[in-house]
Enquirer: 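Before I ask anything, here is the structure I am working with.
If you're wondering where the values come from, they're calculated on a predicted model, not measured in any experiment. For the numbers below, each heavy atom of this structure counts, side chains included, while hydrogens, waters and symmetry mates do not.
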Amino acid sequence: MLDKLRLSLFENIVNGSEIVEDEVLNEFLNVPYNCDPEELCYYTKDESTLKFGDISGLHEVKIPFGSKGKTKKKRVSDKGPVIIGTCLTEGFDKFEQPNLNDVYLLEDLFRSLQYLIQSGELSRDSLKFLTMRRHLMKLMCIPLNKQPVSFNVIYWRGLIIFAYDWDEELKLIPDDYLKLYQYSGFKFEEVVTDHAADEPKSLFHSVTQHFAGKNMITYSAEIDCAISKMPGLSNYVELKTHSSLPDDKLKTANKLQRKLMALYCQNKFISCNYSAIGFRTTDFRLLSIKKYTQYELVGLLDKLPIFLSNLCFIKTKHIFQWYNLVIGWLCQKLFNDNQPRVFKLSFEREIELMDSHLSMKSVTGEEELRIFNRLVPEWFQNFY
């Protein structure tokens with residue numbers, strides 16, 4: 001088993017060459033990169049309550065998508081305000097940033113698994129790798145952002161619990177611009193969906209799973225909106241915002257390509273076929289909206305791939321082959337007892353970019369217990 005996963009693995013992926021010293025990981029190079037997610041359940045979260053099978057938190061998008069496009073466009077023009085030109089800072093003075101613990105903790109995923117197991121819709125034997133899509137996206141963005149990031153990986157009772165380590169974020173000094181940037185994304189969702197500004201805050205989530213090789217990955221994902229007010233992975237729509245493109249320089253294009261690749265990955269985890277990006281001006285007004293299907297994203301990203309080096313680039317299939325390798329590498333560790341084992345998975349940047357790598361270090365003592373109890377609530381420890 002390799003002690004590090006270097007970015008140079010992308011050279012193996014792109015060239016189809018074997019990985020020296022690890023026969024198991026070589027098997028993952030030949031695993032199809034297409035994941036085929038299955039929705040296990042969905043729920044609306046209203047404050048702290050999870051309402052399974054409830055779609056009240058699922059909002060309908062107002063911009064036209066698919067076969068319902070003509071009907072939806074007429075409804076917007078007749079009943080809704082003009083979208084283009086909307087100020088995405090309106091209401092910012094009342095905005096409170098989400099608590100990071102609420103954003104990243106796995107409590108709701110565990111509640112969902114408890115519901116599925118108790119209702120007989122899911123067996124404990126089918127569980128292996130537990131996480132949230134937002135944690136997986138932190139992993140997927142490593143070759144895009146190439147910045148240091150850490151995760152906590154817990155091995156316990158046959159499970160692997162994977163979570164981004166957000167402790168460093170808690171230490172950051174509040175930044176008003178970043179807060180405004182975050183709010184503009186929420187405001188864009190409000191503007192292009194049937195979500196009313198004075199409507200009580202509720203969120204819609206899907207609990208989904210797919211195979212990475214032979215390993216089942218189970219995770220929850222917050223859903224932005226849908227083409228129609230119905231559950232189902234093919235019905236969901238992802239929304240993003242991005243600064244308007246000031247020029248056609250390569251640096252500007254690369255920034256957008258990274259955004260599109262992240263959007264593609266986010267969609268792929270829930271088989272979402274439709275997405276939209278709202279382009280904003282420097283004073284946070286909505287300048288334009290661009291819609292994409294997954295097929296269109298693949299075409300754009302394969303036409304202008306993201307380069308790691310002069311000889312190595314990333315296309316859509318490559319980033320999921322890398323994902324399969326990372327998951328397979330994490331799943332190689334096996335423990336026969338029921339004691340929790342905690343590891344810190346870190347991406348470290350090196351002077352030579354392709355030497356930058358993921359590595360794992362064991363966490364022991366009080367810190368091990370702290371991380372375990374923080375990520376795995378006591379009630380779930382007793383339940384599972």
Enquirer: Mind checking whether Y155 and F343 have parallel, tilted or perpendicular rings, split at 30° and 60°?
Expert: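 It falls in the perpendicular class, over 60°.
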Enquirer: May I ask you to decide whether K45 forms a salt bridge with D102, counting only side-chain N to carboxylate O separations under 4.0 Å?
Expert: no
Enquirer: Where do F380 and V376 come nearest, in terms of heavy atoms and distance?
Expert: CD2-CG1, 4.0 Å
Enquirer: What distance do F129 atom CZ and I327 atom CD1 have between them, rounded to the nearest 0.5 Å?
Expert: 3.5 Å
Enquirer: For P37 and L233, which heavy atoms make the closest approach, and how far apart are they?
Expert: O-CD1, 3.7 Å
Enquirer: For the pair Y323 and F269, name the ring-plane relationship: parallel under 30°, tilted 30 to 60°, perpendicular over 60°.
Expert: perpendicular
Enquirer: Are any non-hydrogen side-chain atoms of L311 and E11 less than 4.5 angstrom apart?
Expert: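 Side chain of L311 against side chain of E11, heavy atoms only: no contact under 4.5 Å found.
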Enquirer: Same hydrophobic cluster for I117 and W156, using side-chain heavy-atom links shorter than 4.5 Å among ILVMFWY?
Expert: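 Result: yes, single cluster for both.
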Enquirer: Go through the steps for T316 and L297 under the test side chain to side chain contact (heavy atoms under 4.5 Å, CB included), then give the verdict.
Expert: CA-CA 9 Å; T316 51; L297 287 176; over 6 Å; no
Enquirer: Looking at every heavy atom in both S202 and S56, which two are closest together, and how far apart are they?
Expert: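 Here S202 and S56 meet closest at OG-O, 4.3 Å.
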Enquirer: Between N273 and F65, is any pair of side-chain heavy atoms under 4.5 Å apart?
Expert: no
Enquirer: Under the 3.5 angstrom rule, does the side chain of R341 hit a backbone N or O of Q339 as a donor-acceptor pair?
Expert: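 Checking the backbone N and O of Q339 against the side chain of R341, a donor-acceptor pair under 3.5 Å is found.
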Enquirer: Evaluate side chain to side chain contact (heavy atoms under 4.5 Å, CB included) for L260 paired with Y292, printing each intermediate quantity in order.
Expert: CA-CA 10 Å; L260 294 178; Y292 303 90; 3.8 Å; yes
Enquirer: Report the C-alpha separation of R111 and Y43 in whole Å, then their side-chain angles, then the decisive distance to 0.1 Å, and conclude whether the side chain to side chain contact (heavy atoms under 4.5 Å, CB included) test is met.
Expert: CA-CA 11 Å; R111 290 290 180 193; Y43 63 86; over 6 Å; no
Enquirer: Do NZ/NE/NH1/NH2 and the carboxylate oxygens of R133 and E238 come within less than 4.0 Å?
Expert: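 Yes, this pair counts.
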Enquirer: What class does the angle between the rings of F162 and F151 fall in, given that below 30° is parallel, 30 to 60° is tilted and above 60° is perpendicular?
Expert: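 Parallel, since the angle between the ring planes stays under 30°.
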Enquirer: Which atom pair, heavy atoms only, marks the closest approach of Q209 to L122?
Expert: OE1-CD1, 4.3 Å
Enquirer: Check whether any side-chain heavy atom of K268 sits under 4.5 Å from a side-chain heavy atom of Q294, and report yes or no.
Expert: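 Of all side-chain heavy-atom pairs linking Q294 with K268, at least one is under 4.5 Å.
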Enquirer: Which heavy atom of N215 sits nearest a heavy atom of G328, and at what distance?
Expert: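 Distance-wise, the nearest heavy atoms are ND2-CA, 4.2 Å.
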Enquirer: State plainly whether one hydrophobic cluster holds both I13 and F307, where clusters connect Ile, Leu, Val, Met, Phe, Trp and Tyr through side-chain heavy atoms under 4.5 angstrom apart.
Expert: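 Not linked; separate clusters.
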Enquirer: With side-chain contact (heavy atoms from CB on, under 4.5 Å) as the test, pick out the partner of V153 among V342, I371, L345.
Expert: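 The single option meeting the side-chain contact (heavy atoms from CB on, under 4.5 Å) with V153 is L345.
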Enquirer: Is the shortest side-chain heavy-atom distance between L58 and Y42 below 4.5 Å?
Expert: no
Enquirer: Between the side chain of R157 and the main-chain N/O of Q381, is any donor-acceptor distance below 3.5 Å?
Expert: yes
Enquirer: Are there over 12 heavy-atom neighbours, none belonging to Y181, within less than 6.0 Å of that residue's OH?
Expert: no
Enquirer: Taking atom CD of E350 as the centre, does the number of heavy atoms from other residues, nucleotides or ligands within less than 6.0 Å exceed 12?
Expert: yes
Enquirer: Could you measure the distance from the OG atom of S244 to the CG atom of L287? Nearest 0.5 Å is fine.
Expert: 5.5 Å
Enquirer: Please report the shortest heavy-atom distance between K255 and S243, naming the atom on each side.
Expert: NZ-OG, 3.7 Å
Enquirer: Looking at K146 and L144, would you say the former's side chain and the latter's main chain have a donor-acceptor pair under 3.5 Å?
Expert: yes
Enquirer: Kindly say whether D194 contributes a backbone atom to a donor-acceptor pair with the side chain of H59 at under 3.5 angstrom?
Expert: no
Enquirer: So, the side chain of K259 versus the backbone of T241: is there a donor-acceptor pair under 3.5 Å, distance only?
Expert: yes
Enquirer: Got Y274 and T293 here, is their nearest side-chain heavy-atom distance under 4.5 Å?
Expert: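 When only atoms from C-beta onward are counted, T293 and Y274 do touch, with a gap below 4.5 Å.
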Enquirer: Using a strict threshold of under 4.0 Å (side-chain N to carboxylate O), is an ion pair present between E367 and K361?
Expert: no
Enquirer: For the CZ atom of R374 and the CD1 atom of I154, what is their distance to the nearest 0.5 Å?
Expert: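 The CD1 atom of I154 is 10.5 Å from CZ of R374, to the nearest 0.5 Å.
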Enquirer: Taking the six-membered ring for Trp, is the centroid-to-centroid distance between F284 and Y183 below 6.0 Å?
Expert: no
Enquirer: Should Q114 and W379 be marked as a side chain to side chain contact (heavy atoms under 4.5 Å, CB included) after you check the CA-CA gap, both sets of side-chain angles, and the distance that decides it?
Expert: CA-CA 10 Å; Q114 180 189 43; W379 70 263; 3.6 Å; yes
Enquirer: So I270 and E39, do their side chains get closer than 4.5 Å, heavy atoms only?
Expert: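 Not touching, per the 4.5 Å side-chain cut-off.
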Enquirer: Please round to the nearest 0.5 Å and tell me the distance separating atom CE of M137 and atom CG of L263.
Expert: 8.5 Å
Enquirer: Report all side-chain donor-acceptor pairs from residues 85-92 shorter than 3.5 Å, counting only partners two or more places apart or in another chain.
Expert:
{"from": "T86", "atom 1": "OG1", "to": "V82", "atom 2": "O", "distance (Å)": "3.4"}
{"from": "T86", "atom 1": "OG1", "to": "I83", "atom 2": "O", "distance (Å)": "2.5"}

Enquirer: Count I, L, V, M, F, W, Y as connected when their side-chain heavy atoms are under 4.5 Å apart, and connections chain through other members. Are L50 and I223 then in the same cluster?
Expert: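 No.
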Enquirer: When you measure from the side chain of N235 to the backbone of S228, do you find a donor-acceptor pair of N or O atoms at a distance under 3.5 Å?
Expert: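 Indeed, once roles are kept as given, a pair shorter than 3.5 Å links the two residues.
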Enquirer: Give a yes or no on this: more than 12 heavy atoms of other residues, nucleotides or ligands lie within 6.0 Å of atom CD of E366.
Expert: no
Enquirer: Please report the interatomic distance CG(D108) to CZ(F110), rounded to the nearest 0.5 Å.
Expert: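 Atom-to-atom, D108:CG and F110:CZ are 10.5 Å apart.
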Enquirer: Cation-pi check, R124 to F383: give yes when NZ or CZ is under 6.0 Å from the six-membered ring centre and within 45° of the ring axis, no otherwise.
Expert: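 Yes, cation above the ring, under 6.0 Å and within 45°.
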Enquirer: Do the non-hydrogen side-chain atoms of D224 and T193 ever get within less than 4.5 Å of each other?
Expert: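 The answer is no; the side chains never approach within 4.5 Å.
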Enquirer: For T44 and D54, which I'm curious about, is there any donor-acceptor pair between the side chains at under 3.5 Å?
Expert: yes
Enquirer: Applying a strict under-4.5 Å side-chain criterion to I, L, V, M, F, W and Y, I'd like to know whether V298 and V14 cluster together.
Expert: no
Enquirer: What's the spacing between E47 CD and L203 CG if we round to 0.5 Å?
Expert: 11.0 Å
Enquirer: Check D167 with R370, please: is the shortest side-chain N to carboxylate O separation under 4.0 Å?
Expert: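 Salt bridge present between R370 and D167.
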Enquirer: More than 12 foreign heavy atoms under 6.0 Å from CD of Q118: is that the case here?
Expert: yes
Enquirer: Do F313 and H318 make the cut of ring centroids closer than 6.0 angstrom?
Expert: yes
Enquirer: Report yes if the side chains of C225 and F204 come closer than 4.5 Å at any heavy-atom pair, otherwise no.
Expert: no
Enquirer: Using atom types as modelled and distance alone, determine if a side-chain donor or acceptor of N324 lies under 3.5 Å from a backbone N or O of A212.
Expert: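 No; judged by distance alone, with no hydrogens or angles, the pair does not exist.
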Enquirer: Hydrophobic cluster membership, with links at side-chain heavy-atom distances under 4.5 Å among I/L/V/M/F/W/Y: are M132 and Y236 in one?
Expert: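 Cluster IDs for M132 and Y236 differ.
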